[in-house]
Participant: 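Quick one: this structure, given as structure tokens, is what I'll be asking you about.
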Amino acid sequence: MKVNEDTFPDSVPAQDGVEDRRQRKARQTRNALAAAALDLILERGLADVTVGAVADRADVTRRTFSRHFVGKEDAALDFVRGDGDRINALLRARPADEPPLLAYRRAVADWLADRENPASHIRPRMRALLALVDTEPALFAAYERIRVDAQEESIRIIADRLAVDDVRDLRPAVVVDAAAGVLTAALRAWARGIQADHSDAGPGERRDAHPGDRPEDHHDPDAVDLAALVEQAYDALMGEAALAASHRTTPVSGK
């Protein structure tokens with residue numbers, strides 16, 4: 001059976017913008033394996049998919065599979081790693097004088113708004129896979145490993161922006177854990193079918209993160225709603241932080 005090429009298109013650029021023929025072939029093979037793993041897991045269920053079946057679907061050997069991935073879960077979730085890399089690249093590009101939390105939020109918004117290379121999270125069938133992550137322990141463990149790796153890089157980026165030591169100074173980790181936690185919460189809610197609250201929009205209107213976007217601009221018809229849901233989640237964080245700050249008290253030291 002042909003691998004669904006719409007999931008991981010060859011048009012996705014290399015991270016450094018330049019790649020030779022060997023690198024391009026390796027990337028195409030990796031994308032084919034990732035798409036095959038995703039297809040098979042959604043078709044048969046995680047327990048009924050083997051590494052051999054994934055390799056066969058992608059028309060490569062098991063040895064080739066092992067050069068790219070440690071397991072079927074890692075392969076199916078390769079889009080998470082790719083999107084994490086893209087968010088971090090956008091975070092590095094944010095203006096230096098932008099507050100770290102706002103910089104992360106806007107990097108995520110830019111990632112979701114990219115029409116030329118849509119976020120892999122909003123490509124066809126990814127929503128179904130994200131929903132499966134919550135019910136399959138092995139998939140959840142792989143998802144968490146990939147997510148933590150991306151957040152560690154985000155912490156280093158924020159530390160560089162603040163010119164601090166990311167080990168001794170808590171701020172980079174606090175910012176990233178909060179900001180990435182908001183994104184994770186929004187993605188999990190979206191995977192469960194929860195929609196953004198548009199109650200403050202006018203009749204027939206949607207409160208979108210990027211006015212002018214339309215669902216047909218993206219691979220998933222609910223992509224715009226995901227962007228709005230993410231913005232709503234960040235608004236919730238900022239609201240709670242402001243409320244907590246208004247009630248802040250100075251602890252009294254005991255004797």
Side-chain angles (χ1 to χ4, degrees), residues 5-20 22-35 37-38 67-71 73-96 98 100-101 103-127 129-130 133 139-161 166 172-173 175-184 186-188 190-191 218-220 223 226-227 230:
E5 295 176 349
D6 290 336
T7 304
F8 299 94
D10 292 340
S11 60
V12 175
Q15 291 300 312
D16 59 6
V18 179
E19 62 180 354
D20 60 23
R22 170 183 277 184
Q23 291 171 321
R24 183 168 61 255
K25 177 62 176 177
R27 176 171 56 83
Q28 290 170 344
T29 298
R30 184 182 182 93
N31 287 350
L33 285 165
L38 173 62
R67 292 197 193 106
H68 292 276
F69 301 109
V70 297
E73 299 87 358
D74 193 49
L77 291 168
D78 197 45
F79 75 96
V80 178
R81 181 179 292 101
D83 278 353
D85 290 343
R86 291 179 64 193
I87 291 172
N88 280 332
L90 290 164
L91 180 59
R92 289 188 190 93
R94 296 304 307 172
E98 202 168 53
L101 183 58
Y104 194 99
R105 177 178 183 169
R106 288 180 173 170
V108 169
D110 289 345
W111 163 65
L112 286 172
D114 189 343
R115 297 182 185 182
E116 291 186 6
N117 296 297
S120 291
H121 276 74
I122 58 177
R123 293 186 187 279
R125 299 167 302 135
M126 293 303 185
R127 195 174 191 176
L129 185 63
L130 286 174
V133 166
L139 271 177
F140 180 78
Y143 185 90
E144 286 297 290
R145 286 195 303 271
I146 296 169
R147 185 179 63 81
V148 167
D149 285 345
Q151 287 183 210
E152 289 295 325
E153 180 61 19
S154 298
I155 290 171
R156 288 188 285 271
I157 295 169
I158 295 296
D160 287 344
R161 291 173 64 92
D166 64 309
V175 167
V176 171
D177 284 353
V182 167
L183 175 59
T184 298
L187 285 168
R188 292 184 69 187
W190 182 68
H218 302 274
H219 287 242
D220 189 309
L226 172 59
V230 169

Participant: Quick one: do Arg24 and Asp20 satisfy side chain to side chain contact (heavy atoms under 4.5 Å, CB included)? Show the steps, please.
Facilitator: CA-CA 6 Å; Arg24 183 168 61 255; Asp20 60 23; over 6 Å; no
Participant: Measure the shortest side-chain to side-chain distance between Val230 and Val182 over non-hydrogen atoms and say whether it is less than 4.5 angstrom.
Facilitator: no
Participant: Are Glu98 and Arg105 close enough for a salt bridge, meaning some N to O gap below 4.0 Å?
Facilitator: no
Participant: For the backbone of Ala141 and the side chain of Glu144, can you confirm whether one donor and one acceptor N or O come within less than 3.5 Å of each other?
Facilitator: no
Participant: Can you find a heavy atom in the side chain of Met126 that is under 4.5 Å from one in the side chain of Leu38?
Facilitator: yes
Participant: Got Arg81 and Asp149 here, is their nearest side-chain heavy-atom distance under 4.5 Å?
Facilitator: no
Participant: Nearest heavy-atom pair of Ala119 and Leu112: which atoms, and what distance?
Facilitator: CB-CD2, 4.4 Å
Participant: Tell me, please, which residues at least two apart from Arg145 pass salt bridge (charged side-chain N to carboxylate O under 4.0 Å, His left out).
Facilitator: none
Participant: Check the pair Leu129, Leu139 against side chain to side chain contact (heavy atoms under 4.5 Å, CB included), reporting the backbone distance first and the verdict last.
Facilitator: CA-CA 9 Å; Leu129 185 63; Leu139 271 177; 4.3 Å; yes
Participant: Ignoring hydrogens and angles, tell me if any N or O in the side chain of Asn88 forms a donor-acceptor pair with the backbone of Ala150 under 3.5 Å.
Facilitator: yes
Participant: Is the closest side-chain heavy-atom distance between Val108 and Leu90 below 4.5 Å?
Facilitator: no
Participant: Any donor and acceptor pair, going by atom type alone, linking the side chain of Arg161 with main-chain N or O of Pro95 inside 3.5 Å?
Facilitator: yes
Participant: Listed by chain and number, what are the ring-ring contact (aromatic ring centres under 6.0 Å, His included) partners of Tyr143, not counting sequence neighbours?
Facilitator: none
Participant: Would you say the side-chain atoms of Asp83 pair up with the backbone N or O of Ser120, donor to acceptor, closer than 3.5 Å?
Facilitator: yes
Participant: I'd like to know if Arg92 and Asp160 make a salt bridge, using a cut-off of under 4.0 Å between side-chain N and carboxylate O.
Facilitator: no
Participant: To the nearest 0.5 Å, what is the distance between CZ on Arg188 and CG on Leu183?
Facilitator: 12.5 Å
Participant: I'd like to know if Arg30 and Asp78 make a salt bridge, using a cut-off of under 4.0 Å between side-chain N and carboxylate O.
Facilitator: yes
Participant: Under a plain distance cut-off of 3.5 Å, with no hydrogens placed, do Arg147 and Gln151 share a side-chain donor-acceptor pair?
Facilitator: yes
Participant: Are any non-hydrogen side-chain atoms of Tyr104 and Ile157 less than 4.5 angstrom apart?
Facilitator: no
Participant: So do the side chains of Leu226 and Arg127 get within less than 4.5 Å of each other, counting heavy atoms only?
Facilitator: no
